[in-house]
Amino acid sequence: PGHCGGFQDKDYCIITQPHTSPEYPLLQSFTRVTPKPTMTLHQELYIAHRCSLLDDVIVRPCDSSDRDGVESTIKGIDNTDAIMSDINQFITAKRDPLEEGATPLFAFVAECQSQIVGVFVVRDERNIEWIRSHFNIEGFVYYAHHRREEHARLHHFVLNPVFSHYTKHVMREILRLARKTCLYYPVYPGYEPTEMKPYSLATCINDMIPVRPRRQIVYPLDRLKENAPLERILQKINPFALYHLNRKLTLEPKITVNARVVVVGASDVGLSFLEALSFTPHLRFNNLVLLSPNGLPGQSKEDGIVDAMLPTSHCFSRTELAQASLATWV
């Protein structure tokens with residue numbers, strides 16, 4: 001704040017540092033700028049706006065007077081129609097229509113200096129049993145300590161980049177106001193149709209924890225009969241990667257690693273290495289690079305002719321690649 005007072009005509013403060021240097025505490029109030037693929041400088045760029053020093057950011061439930069402010073905040077991003085539809089549904093009924101299950105719906109806005117700077121939408125999580133059986137979520141959550149109604153799925157998280165360092169504060173407020181303890185966020189493959197993905201790209205994904213998928217048992221249902229698992233566990237759902245956050249994790253910082261890690265070739269070994277780095281819960285790797293003439297496997301729709309022309313992986317199926325969501329980090 002003192003430095004900004006000495007430069008009344010300046011709005012931005014910029015810091016660069018070598019990508020091999022660890023982040024120091026001051027940078028936690030800055031926003032890291034994602035470098036372009038063609039960038040050759042050995043520097044990381046951090047930027048802070050004068051307004052990021054304001055400490056009166058509040059989170060509150062959305063109301064009908066916020067429609068214009070919400071439209072202004074989400075203007076220019078993908079899936080704006082879905083966000084506005086959810087906001088209007090919350091203002092009208094506080095839950096989904098009856099034909100869609102009447103799932104409780106929560107919408108919040110972040111406000112600073114009487115101006116909306118963030119929009120957030122969550123719903124009650126209805127597929128807890130399916131998540132527990134398909135993902136190793138119990139490595140982060142003791143389900144005996146959480147009531148069923150305390151689990152929610154994040155659908156939209158839009159926050160002005162100027163205030164990105166308030167992300168964890170905002171998520172704690174969302175959990176408190178919605179009376180939730182656990183948040184889940186699915187990431188579907190890019191080739192899935194838009195109607196299958198009623199989610200916008202959450203800007204908080206850096207602060208969430210990726211959850212490893214579980215290997216699934218092929219049950220002989222004709223033999224098990226009444227002893228077979230519940231239908232809601234066996235149901236077929238399009239594969240997705242799962243990210244998680246709970247109240248405890250909002251207080252645990254991640255260590256940022258800006259060192260460049262380059263993997264040559266999309267072999268099973270290379271993909272396993274990238275997967276191990278991506279699923280490390282307490283580390284955030286910002287510069288993972290894969291050099292491959294065909295890009296990351298599993299990022300396009302299944303095509304028998306194309307797949308027949310490429311090497312076959314016996315370690316990663318198309319479903320496992322979708323659940324790893326390597327394109328989020330690489």
Side-chain angles (χ1 to χ4, degrees), residues 1 3 12-49 51-53 55 57 110 117-118 120 139-140 154 157-175 183-185 187 201-212 241-263 270-291 296 324-330:
H3 292 297
Y12 290 93
C13 178
I14 295 175
I15 294 178
T16 62
Q17 72 165 20
H19 59 75
T20 54
S21 300
E23 279 193 352
Y24 45 89
L26 176 63
L27 294 179
Q28 294 178 4
S29 299
F30 283 66
T31 300
R32 176 180 175 269
V33 180
T34 304
K36 293 184 177 180
T38 55
M39 199 271 288
T40 58
L41 296 176
H42 300 287
Q43 298 282 328
E44 292 292 330
L45 175 63
Y46 293 83
I47 188 170
H49 190 272
C51 293
S52 67
L53 301 173
D55 57 359
V57 176
V117 297
F120 324 104
F140 306 101
L154 179 65
F157 189 102
V158 181
L159 183 64
N160 190 314
V162 169
F163 301 96
S164 62
H165 58 288
Y166 282 108
T167 296
K168 282 200 171 181
H169 165 71
V170 168
M171 300 192 79
R172 283 194 295 268
E173 287 295 284
I174 291 173
L175 291 172
L183 276 180
Y184 306 90
Y185 177 67
V187 175
L201 181 60
T203 56
C204 62
I205 198 168
N206 270 337
D207 293 296
M208 302 187 79
I209 302 297
V211 184
R212 284 186 177 274
L242 183 69
Y243 291 81
H244 169 70
L245 193 75
N246 56 51
R247 286 189 301 190
K248 173 175 164 294
L249 293 175
T250 60
L251 302 174
E252 296 183 4
K254 279 189 176 184
I255 299 174
T256 300
V257 180
N258 286 326
R260 291 178 180 173
V261 180
V262 180
V263 176
L271 294 179
S272 297
F273 176 68
L274 291 171
E275 181 189 37
L277 297 183
S278 300
F279 280 96
T280 306
H282 63 281
L283 297 178
R284 181 192 301 130
F285 291 89
N286 285 330
N287 290 308
L288 297 180
V289 180
L290 174 68
L291 299 180
L296 273 170
S325 185
L326 291 179
T328 305
W329 307 107
V330 180

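One is the number of the first residue; the rest follow in order along the sequence.
The shortest distance between side-chain heavy atoms of Phe273 and Val261 falls below 4.5 Å. For the pair Phe157/Ile205, no side-chain contact is recorded, criterion being any heavy-atom separation below 4.5 Å from C-beta on. Proximity of Glu252 to His282: side-chain heavy atoms (C-beta onward) are nowhere separated by under 4.5 Å. Residues Glu44 and Pro18 form no side-chain contact, since every pair of their non-hydrogen atoms from C-beta on lies 4.5 Å or further apart. In this structure, the side chains of Arg172 and Leu251 come closer than 4.5 Å at one or more pairs of heavy atoms. Put simply, the side chain of Leu245 does not reach to within 4.5 Å of the side chain of Asp207, judged on heavy atoms. Residues Thr203 and Ser164 fail the side-chain proximity criterion, which asks for heavy atoms closer than 4.5 Å. Using a 4.5 Å heavy-atom threshold, the side chains of Leu277 and Leu283 count as separate.
In summary, of the residues considered (Asn246, Val211, Leu154, Leu242), a side chain to side chain contact (heavy atoms under 4.5 Å, CB included) with Tyr184 occurs for Leu242 alone.
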> Can you check side chain to side chain contact (heavy atoms under 4.5 Å, CB included) on Val330 and Leu296, steps first, answer last?
Replying inline: CA-CA 9 Å; Val330 180; Leu296 273 170; 4.3 Å; yes
>> Determine whether Leu290 and Leu326 satisfy the following criterion, side chain to side chain contact (heavy atoms under 4.5 Å, CB included), listing intermediate values before the conclusion.
In response: CA-CA 10 Å; Leu290 174 68; Leu326 291 179; over 6 Å; no
> Run the side chain to side chain contact (heavy atoms under 4.5 Å, CB included) check on Val289 and Leu291 step by step: do they pass?
Replying inline: CA-CA 7 Å; Val289 180; Leu291 299 180; 4.2 Å; yes
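A tilted orientation is assigned to the rings of His42 and His19, their planes being inclined by 30° to 60°. In this structure, His169 and Tyr166 have perpendicular ring planes: the angle between them is above 60°, well past the 30° mark.
Checking side-chain atoms of His244 against main-chain N and O of Leu183 turns up a donor-acceptor pair under 3.5 Å. Side-chain N or O atoms of Lys168 include none that pairs as donor or acceptor with a backbone N or O of Cys204 at under 3.5 Å.
Take Asn286 and apply the side-chain hydrogen bond (donor to acceptor under 3.5 Å, both in side chains) test, not counting sequence neighbours, and it matches Asn258.
Met208 contributes atom CE, which lies 11.5 Å from atom OG1 of Thr167 (distance to the nearest 0.5 angstrom). Of the inter-residue distances, the one linking Thr16 atom OG1 with Ile47 atom CD1 reads 12.0 Å to the nearest 0.5 angstrom. Atom CD of Gln17 sits about 10.5 Å away from atom CG of Leu45, to the nearest 0.5 Å. The distance from the OG atom of Ser21 to the CG atom of Leu27 is 10.0 Å, given to the nearest 0.5 Å. Distance check: Phe279 CZ to Trp329 CH2 gives 10.0 Å after rounding to the nearest 0.5 Å. Atom CG in Leu249 sits 10.0 Å away from atom CE in Met171 (nearest 0.5 Å).
Residues Glu23 and Tyr46 bring a donor and an acceptor atom of their side chains to less than 3.5 Å of each other.
For the residue pair Pro281 and Ile209, the shortest heavy atom distance occurs at O-CD1, 3.3 Å. Nearest approach of Leu159 to Phe163, heavy atoms of both residues: CD2-O, 3.3 Å. Between Ser52 and Ser29, the shortest heavy-atom contact is OG-O, 4.4 Å. Contact detail for Ser278 and Leu288: the closest heavy-atom pair is OG-CD1, 4.0 Å. The two atoms that bring His49 and Cys51 nearest to each other are ND1-N, 2.9 Å, heavy atoms only.
For Arg212, the CZ atom counts as densely surrounded, since its 6.0 Å shell holds more than 12 non-hydrogen atoms of other residues, nucleotides or ligands.
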